[in-house]
Number of protein chains: 2
Amino acid sequence: MGHQTETHAFDAELVPDSRGRTRRPSPECPVEVALAAVSGRWTTLVLRELMAGPMSFSDLRAALPDLSPKVLADRLRTLDARDLVGRQRIPGFPPRTSYRLTTAGEALRPLLVALYSVGSELLSRGSRPPGPQA
Amino acid sequence: MGHQTETHAFDAELVPDSRGRTRRPSPECPVEVALAAVSGRWTTLVLRELMAGPMSFSDLRAALPDLSPKVLADRLRTLDARDLVGRQRIPGFPPRTSYRLTTAGEALRPLLVALYSVGSELLSRGSRPPGPQA
DNA sequence: CGGGATCCTTACGGATACTG
DNA sequence: CAGTATCCGTAAGGATCCCG
């Protein structure tokens with residue numbers, strides 16, 4: 001092995017290309033992009049609901065009763081801005097809006113599945129609950 | 001199909017069991033657990049470094065020069081508290097501490113891989129950078 | 001070397017009330 | 001119905017300095 005010349009080598013599965021070799025948090029890194037997509041409280045729950053098919057604003061409110069309209073609107077706006085969710089106004093009265101995942105949004109499904117299975121693995125190992133983080 | 005009795009059905013791959021059917025963010029949900037494990041700025045970068053093998057505090061500082069000692073200590077403390085990372089003091093002077101992933105910590109590898117590949121997918125679709133989130 | 005202690009700023013998220 | 005407007009408390013995270 002080269003002694004000191006190469007700082008260190010990353011596992012090729014973990015870091016397949018140069019975009020993963022950043023020395024600081026950077027929006028060009030795929031990991032950050034994926035993390036940003038699911039970040040924010042309630043976001044994964046909203047995504048989970050939409051994975052089952054299009055829903056209106058109040059469908060979502062009914063499915064997630066403790067989520068305030070403000071935060072729900074925030075989440076939907078952010079997801080929309082990232083092209084993960086699309087909104088479609090249905091003409092007429094009362095006003096209705098249908099939210100649906102875009103194809104980019106559907107691409108998050110394997111991530112949610114991975115989160116679930118890794119999380120289950122951690123729980124089965126008896127890892128401690130989050131607690132106060134700092 | 002039952003007409004209105006069942007509120008709605010989740011995809012079994014996405015939500016394999018009842019722990020994923022929460023109506024609010026909850027530490028019992030595997031998704032939240034996994035998300036908590038990688039949450040926080042710099043966390044995935046620290047994990048990436050440790051995936052290559054044990055490192056000392058200043059090894060990590062050298063690998064991530066823009067990460068302040070305070071935040072690095074924060075991250076390591078949190079990861080330690082969650083049993084994802086273990087610390088080992090090396091006796092003698094100057095003081096040295098070696099950090100390594102626990103087996104639970106190694107369980108995060110597939111999650112990081114999934115984050116990378118889903119993030120790449122999003123980037124290749126030309127999704128917008130994070131931007132101001134709220 | 002490996003941290004801890006302080007201070008400060010901002011961004012997030014919750015509550016409540018209101019509107020087209 | 002589908003949001004917006006406002007206010008507010010908290011916690012994350014960066015900077016700086018210090019200690020064993």
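Residue numbers start from 1 in every chain, and the chains themselves are labelled A, B, ... in the order their sequence lines are given, proteins ahead of strands.
Between A/P27 and A/V33, the closest side-chain pair of non-hydrogen atoms is not below 4.5 Å.
Between A/S68 and C/dT16 there is no side-chain N or O to OP1 or OP2 distance below 4.0 Å. Listed pair A/W42 / C/dG14 meets the phosphate criterion, a side-chain N or O lying under 4.0 Å from OP1 or OP2. Residue B/T97 places no side-chain N or O under 4.0 Å from the OP1 or OP2 atom of C/dC1. Between B/R41 and D/dG14 there is a side-chain polar atom (N or O) within less than 4.0 angstrom of OP1 or OP2. Taking only side-chain nitrogens and oxygens, B/S58 comes nearer than 4.0 Å to OP1 or OP2 of C/dG2. A close approach under 4.0 Å does occur between a side-chain nitrogen or oxygen of B/R87 and OP1 or OP2 of C/dG3. Applying the 4.0 Å criterion to OP1 and OP2 of D/dT4, one finds that A/R77 has a side-chain N or O inside that range.
For the pair B/L79 CG and C/dG3 P, the interatomic distance rounds to 13 Å; values are reported in whole Å. Rounded to an integer number of Å, the gap from CG of B/L67 to P of D/dT16 is 15 Å. Taking atom CZ on B/R89 and atom P on C/dC1, their separation rounds to 14 Å, with Å as the unit. Separating the OH atom of B/Y99 from the P atom of C/dC1 is a distance of 14 Å, rounded to the nearest angstrom. Summarising the geometry, the separation between CG on A/L60 and P on D/dA2 is reported as 9 Å, rounded to the nearest angstrom. For the pair A/D80 CG and D/dA2 P, the interatomic distance rounds to 15 Å; values are reported in whole Å. Separating the CZ atom of B/R75 from the C1' atom of C/dG4 is a distance of 16 Å, rounded to the nearest angstrom. Computed from coordinates, the A/L72 CG to C/dT16 P distance equals 18 Å when rounded to whole Å.
The side chain of B/P69 lies closest to C/dG3 when the candidates are D/dC1, C/dG3, C/dC1. Listed nucleotides: D/dC1, C/dG2, D/dA2. Nearest to the side chain of B/F57: C/dG2. Comparing D/dG3, D/dC1, C/dG14 by their closest approach to the side chain of A/P95 singles out D/dC1.
A/P110 and B/V118 make their closest contact through CG-CG2, 4.3 Å (heavy atoms, listed as atom of the first residue, atom of the second, distance).
B/R77 and B/D74 are joined by a salt bridge, as a carboxylate oxygen and a charged side-chain nitrogen come within less than 4.0 angstrom of each other. With salt bridges taken as basic N to acidic carboxylate O contacts below 4.0 Å, none links B/R125 and A/D83.
Between the side chain of B/K70 and the base of C/dG3, no donor-acceptor pair of N or O atoms lies under 3.5 Å.
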Inset, instruction - Please assess B/L64 against B/L72 for the test side-chain contact (heavy atoms from CB on, under 4.5 Å), listing each intermediate value before the final yes or no. - result: CA-CA 9 Å; B/L64 305 168; B/L72 176 55; 5.8 Å; no

